[in-house]
*Asks:* 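My structure is below; once you've seen it, I'll send some questions.
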Amino acid sequence: MTGNREIDRKRIGADFFVRDVLEVAPELPGKILVRRFSDRIVSRHLIKEVEAYRGVEDLACHASKGRTERTEIMFHKGGKIYVYLIYGMYWMLNFVTGEENIPQAVLIRGVEKFDGPGKLTRELKIDNSFYGEDLASSKRIWLEDPDETYDIIRTRRIGIEYAGEYWKNREWRFVLKDNC
DNA sequence: TCAGTGATTAGG
DNA sequence: CTAATCACTGAG
């Protein structure tokens, strides 16, 4: 909590994330990602594109390799942040979802103004220090409900050629309709 | 199309 | 210790 009543009233709470990732992910495009740098500097960005990663059986999901130091947070109850570095340069921002011991996460692939998972973390200054951050209580990052509703399109996930035909073909990428 | 870049992981 | 992998980006 930030201590600011108006902000804390709008914040999306932990329960939102403690559901199956295939319920949570389609509801994320259209939500507002809030990044607070200080009392005076708070930026808000509409989420436009996300992908679901679901369980140890999903060969595209990092947790399919088992419970390691990196994937540990995915096995926790929903509402935490999972961040990892890819290609030595880009931090990927994920929200953990679901019940404890069921590893799931949603990759945030794009927000308004910052299109692309590596670009948005660079612009919003999100790095490994956000690993494990609690979206329901963090002072520097959280979600808020928007005033409007949006149409969503679902497609196949991107960049998972290694995962095999079945998992490659799951339509677990969710994008705002007017975005594509 | 393809190089850059470094943490993470499995394996010796 | 080594080496392969990698949920990406930007230049050409």
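Residue numbering restarts at 1 for every chain, and letters A, B, ... go by the order of the sequence lines. Model, not experiment: these values are computed from the prediction.
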*Asks:* Contact class for Arg109(A) vs. all strands (heavy atom < 4.0 Å): base, sugar-phosphate, or nothing?
*Replies:*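 Sugar-phosphate, backbone atoms only, no base.
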
*Asks:* Within less than 4.0 Å of OP1 or OP2 of dA7(C), is there a side-chain N or O belonging to Tyr162(A)?
*Replies:*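 So the side-chain polar atoms of Tyr162(A) do come within 4.0 Å of the phosphate oxygens OP1 or OP2 of dA7(C), strictly under.
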
*Asks:* May I have the distance from Glu123(A) (atom CD) to dG10(C) (atom P), rounded to whole angstrom?
*Replies:*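 Checked: the CD to P distance equals 9 Å.
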
*Asks:* In terms of relative ring orientation, are Phe114(A) and His45(A) parallel, tilted or perpendicular, with 30° and 60° separating the classes?
*Replies:*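 Ring orientation, 0 to 90° scale: tilted.
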
*Asks:* Name the residue from His76(A), Met92(A), Met74(A) that meets the side-chain contact (heavy atoms from CB on, under 4.5 Å) definition with Tyr82(A).
*Replies:*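 Per the side-chain contact (heavy atoms from CB on, under 4.5 Å) rule, the option paired with Tyr82(A) is Met74(A), out of His76(A), Met92(A), Met74(A).
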
*Asks:* Under 4.0 Å between a Lys/Arg side-chain N and an Asp/Glu carboxylate O for Glu123(A) and Lys113(A)?
*Replies:*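 Judged by the 4.0 Å cut-off on N to carboxylate O distance, Glu123(A) and Lys113(A) do not form a salt bridge.
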
*Asks:* So what does Ile160(A) hit on the nucleic acid, given a heavy-atom distance under 4.0 Å: a base, only sugar-phosphate, or nothing?
*Replies:*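 Result for Ile160(A) = sugar-phosphate.
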
*Asks:* Any donor and acceptor pair, going by atom type alone, linking the side chain of Arg109(A) with main-chain N or O of Val175(A) inside 3.5 Å?
*Replies:*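 It does not hold such a pair.
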
*Asks:* Once each nucleotide of nucleotides 2-12 of chain B is scored for protein heavy atoms under 4.0 Å, what B/S/- sequence comes out, 5' to 3'?
*Replies:* --BBBSSSS--

*Asks:* dT1(B) P sits how many Å from Glu161(A) CD, rounded?
*Replies:*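 These atoms are roughly 12 Å apart.
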
*Asks:* Between the side chains of Arg35(A) and Ser43(A), is a donor N or O closer than 3.5 angstrom to an acceptor N or O?
*Replies:*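 Ser43(A) and Arg35(A) do not have a side-chain donor-acceptor pair below 3.5 Å.
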
*Asks:* Regarding Asn4(A) and Arg11(A), do their side chains bring together a donor and an acceptor under 3.5 Å, going by distance alone?
*Replies:*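 No, no side-chain donor-acceptor contact under 3.5 Å.
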
*Asks:* For residues 159-166 of chain A, which side-chain donor-acceptor pairs fall under 3.5 Å, sequence neighbours excluded?
*Replies:*
unit_1    : atom_1 : unit_2    : atom_2 : d
Tyr162(A) : OH     : Ala60(A)  : O      : 3.2
Glu165(A) : OE2    : Lys168(A) : NZ     : 3.0

*Asks:* Quickly work out the Leu120(A) CG to dT9(C) C1' distance and round it to whole Å.
*Replies:*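 One finds 13 Å between C1' of dT9(C) and CG of Leu120(A), rounded.
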
*Asks:* Run through DNA chain C and report every stem of 3 or more consecutive Watson-Crick or G-U pairs, distances under 3.5 Å, ordered by first number.
*Replies:*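 Runs of three or more consecutive pairs: B:1-4 with C:8-11, B:6-11 with C:1-6.
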
*Asks:* Nearest whole angstrom, please: distance from the C1' of dA7(C) to the CD of Glu49(A).
*Replies:*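 Whole-Å distance recorded here is 11 Å.
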
*Asks:* What is the distance from CD1 of Ile81(A) to P of dA7(C), rounded to the nearest Å?
*Replies:*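 Computing the Ile81(A):CD1 to dA7(C):P distance gives 19 Å.
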
*Asks:* Donor-acceptor check, side chain of Arg36(A) to backbone of Lys139(A), threshold 3.5 angstrom: yes or no?
*Replies:*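 Yes, because the side chain of Arg36(A) sits within donor-acceptor range (under 3.5 Å) of the backbone of Lys139(A).
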
*Asks:* Whole angstroms only, please: what is the CZ-P distance between Phe114(A) and dT9(C)?
*Replies:*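 Result: 13 Å.
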
*Asks:* Has Thr121(A) got a side-chain atom pairing as donor or acceptor with Trp91(A)'s backbone, closer than 3.5 angstrom?
*Replies:*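 Looks like yes, one N/O pair under 3.5 Å.
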
